[in-house]
Amino acid sequence: MAILAQNRAVGTGTGGDKTPPVPAVRRFFRANAFGYALIAPQLIGFAIFGLVTTVQSIWLSLNSINALSGVTTFVGLENYVNLITGDRFPLVFTNTVFFVAAFSLLNIAVAMGIALLLNNRLRGVNIFRAAVFIPALVTMVAWALVSRFILQPEGLLDFLVSFTGAEETPWLRSRWLTLTVIIFVQLTKNVGINVLLCLAGLQAVDRELLEAAETDGAGWWARFRHVTIPQVSPTLFMVFLLTVVASFKVFEVILILTNGGPGYETNVLSFMIYDEAFRRHDFGEASALAVILLLMIIVVSSVLWAIRKKLVYAEND
Amino acid sequence: MRRRIIGATALVATAALVAGCAGPSGSSGGEGSSGEPVELRFLLWATNPDQLALFDELGEEFVAENDDVSKVTFESVTLSDLNTLLPTWLASNSPPDASWLPVESSIEYMNADALVDLNPTLKDVEGYDYDDLADRMQEPWRDGDAQFGVPFSNGPLIMYYNKDLFDQSGLEDPSAAVEAGTWDWDLLREDLQKISADSGKTGLIFDAFEFKNWVRMLPLIRAYGGTPWDENGEECLMDSSEMEAAYSALHEMVYDEKITPRPGQQADFWGGGAATTIAYLGSNGLLADVDFEYGVVPTPAGPGGAGQHVGQSAMVAYSAGKHTDAAARLVAYLTNPESMRKLSAYYPPSRTSLLNAETMEESAPVLDAAQLEPILTAVLENGTFTPVAPNNAETTAALNAALDQFVYGEDADIPAALQQVCAAIQPTLGG
């Protein structure tokens, strides 16, 4: 269709050779106009909602808002200052950084590890592939509720651990341990999707290259390090990037397992936004937090994107 | 021709998107503008189909008597959703016309001028019998002559117990202790330790407490004579000796006597997993499905007396609503003597003429008047409502978080922890 449109644009004028050349940009849009028309509503919708909500959030973050009376007062950067100098933000910020870093790295490592195991042509391997993916089909709420049941004091996990002679552990009542438990719960729920993506990447690895490396005497690790990893690196990079962005927005599992507690010890930024807006009715500070979270995601994503050439093999070409 | 088709396609698609974004055209008619009948939107947190049907019926009666109103829609949401949705709608100037509102939120909403003064409407409606509204129950909603809400439900937190477990341990029935005047927390704790040792079951569950809803601790707090802040909501009293005693008692029950669940531990009274629970009177319907003998009594007394906690909800109209006059009349209609008598089948009323065990029996179909009489007596003699803070949302969030962080842990030093709680919530109080 694009070729037809181009031919029509260039060669159907009545003036023959005297027809002035059509500019490249105009030619491009003529050739793709129908496609753009079809996606226009979606794009306009995204633009409107994305821009309006972002700009509105930034504006709200500069105001003190009495939600009940509807009175809004411009306070400049006061909400940001109050947040950053308050007791809760440093704690919650640190928790968020820990959660995002630990979850993203662990997720990619576990996903790749499982994908490597499932990339063997063994009888019945499809059953395991399905089993890994099944948790991804369950809702996070259900997964977290079941997890809470297992992790509760004198729950199933305590019962199992008691056989080792260990004392009861406060799985959901301490800071770093509980954050680690939350990471584990979130990981077991979501890793299946990433396993599938990694598995798809592994199955696209050029077998001839692997065989050539093997012929040259490369061992398993050398083949994995120098042949497999470079070829799946674009997949790994995208999986990692998406996981990082998603982990900034973790919410349900925190709400159900700990409610951000004890106190704020397992609270993260996305949950604190909810806490500020809907429990404290402080929409100004909640918006400031949303802007901070947005900036963090933009910065981290941009840094990752900027260094992708060092991480992704194909980007060097 | 092709370009025109493309252009038309884009135009139609964009127009469809814009139309979709615009959403419905809003409520029909504007009060006093076009003169056309208005539609009223009322938010509540009832889920029982019978209760919703009763509201629909009352709404239809109201419409039949008011030509300027064409429809009343009752929308049901959970209480936590209501607390989330209302501020959002008020902030965006699109609240419902009227709703239920818990007493905890009364001062915060009144101070923000978010509620309509109903007094002129209530006094203007023929047959309303304003003086029949029990004064003590109206207090949280009155400011001078103004009245910003009419309580329709005044449910006490009461104690439900599993008679079978008390019998199996050879213990006296709690109702006998109530009659003998010996029903207090010390006796209860002794009984529950014996039951837990005998049956291995949980002794007491504070229903819906889960170490994140401090209000459910009020029966214990009141029994020790405690209160979280002064009457004006200005000074934190969480570190008072009474509160120390109350929270020490809780700590002992959780970690030393192990008769009530620890933070995060799940247990269920209604399924037979515990000897007692403290829950609202409105939860009595759950007794219909239990497979054990049960009883109900007032919550135990303590060193501070036999204080009974009463939860309360009122009907209010919103000043930012589009039809404030009609909304005020709707609230008046739903709380007039006849409507409140019908509603008392489900909600303990706030009219003096309806405050008796027989009416409460209607609202507690599983319980009889004899079971309810001691509860009603206790509530009328010693009942107190939830303490209200001027910035309720912020104070409640800070209080729940601080208690969770400092008080509920096994190693907590209660007096020091309560001082930390006060340090956390004092900035949110009115002082």
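Residue numbering restarts at 1 for every chain, and letters A, B, ... go by the order of the sequence lines.
Among B:Y109, B:F406, B:Y408, the residue with the largest count of heavy-atom pairs under 4.5 Å with chain A is B:Y109. For chain A, the option among B:A320, B:A402, B:A91 with the highest count of heavy-atom pairs below 4.5 Å is B:A91.
Other residues, nucleotides and ligands contribute more than 12 heavy atoms inside 6.0 Å of the CZ atom of A:F251. Counting heavy atoms of neighbouring residues, nucleotides and ligands inside a 6.0 Å radius, atom CZ of A:F98 exceeds 12 of them. Counting non-hydrogen atoms of neighbouring residues, nucleotides and ligands closer than 6.0 angstrom, the CG atom of A:D87 reaches no more than 12 such neighbours. Counting heavy-atom neighbours within 6.0 Å of A:F89 CZ, excluding the residue itself, gives a total above 12.
Both the backbone and the side chain of B:T88 have a heavy atom closer than 4.5 Å to some heavy atom of chain A. For chain A, no part of B:E410 is nearby; none of its heavy atoms comes within less than 4.5 Å. Within the 4.5 angstrom heavy-atom criterion, no atom of B:A424 approaches chain A.
Identified by a heavy-atom distance below 4.5 Å to chain B, the contributing residues of residues 265-289 of chain A are A:E265, A:F278, A:R279, A:R280, A:H281, A:F283, in residue-number order.
Rounded to the nearest 0.5 Å, atoms CD (B:Q266) and CZ (A:F149) are 6.5 Å apart. The distance from atom CZ of A:R148 to atom CD of B:Q265, rounded to the nearest 0.5 Å, is 12.0 Å. Interatomic distance, B:N111 CG to A:L68 CG, rounded to the nearest 0.5 Å: 10.0 Å. Distance check: B:L90 CG to A:I65 CD1 gives 13.5 Å after rounding to the nearest 0.5 Å.
The backbone N or O of A:G261 lies less than 3.5 Å from no partner atom in the side chain of B:D404, so there is not a single donor-acceptor pair.
At a threshold of 4.0 Å, the pair B:R262-A:E168 counts as salt-bridged, since one of the basic side-chain nitrogens sits closer than that to a carboxylate oxygen.
Heavy atoms only, all atoms of each residue included: B:P263 and A:P153 are closest at O-CG, 3.4 Å.
A:S69 has its side chain out of reach of B:D113: every pair of non-hydrogen atoms, C-beta onward, lies at least 4.5 Å apart.
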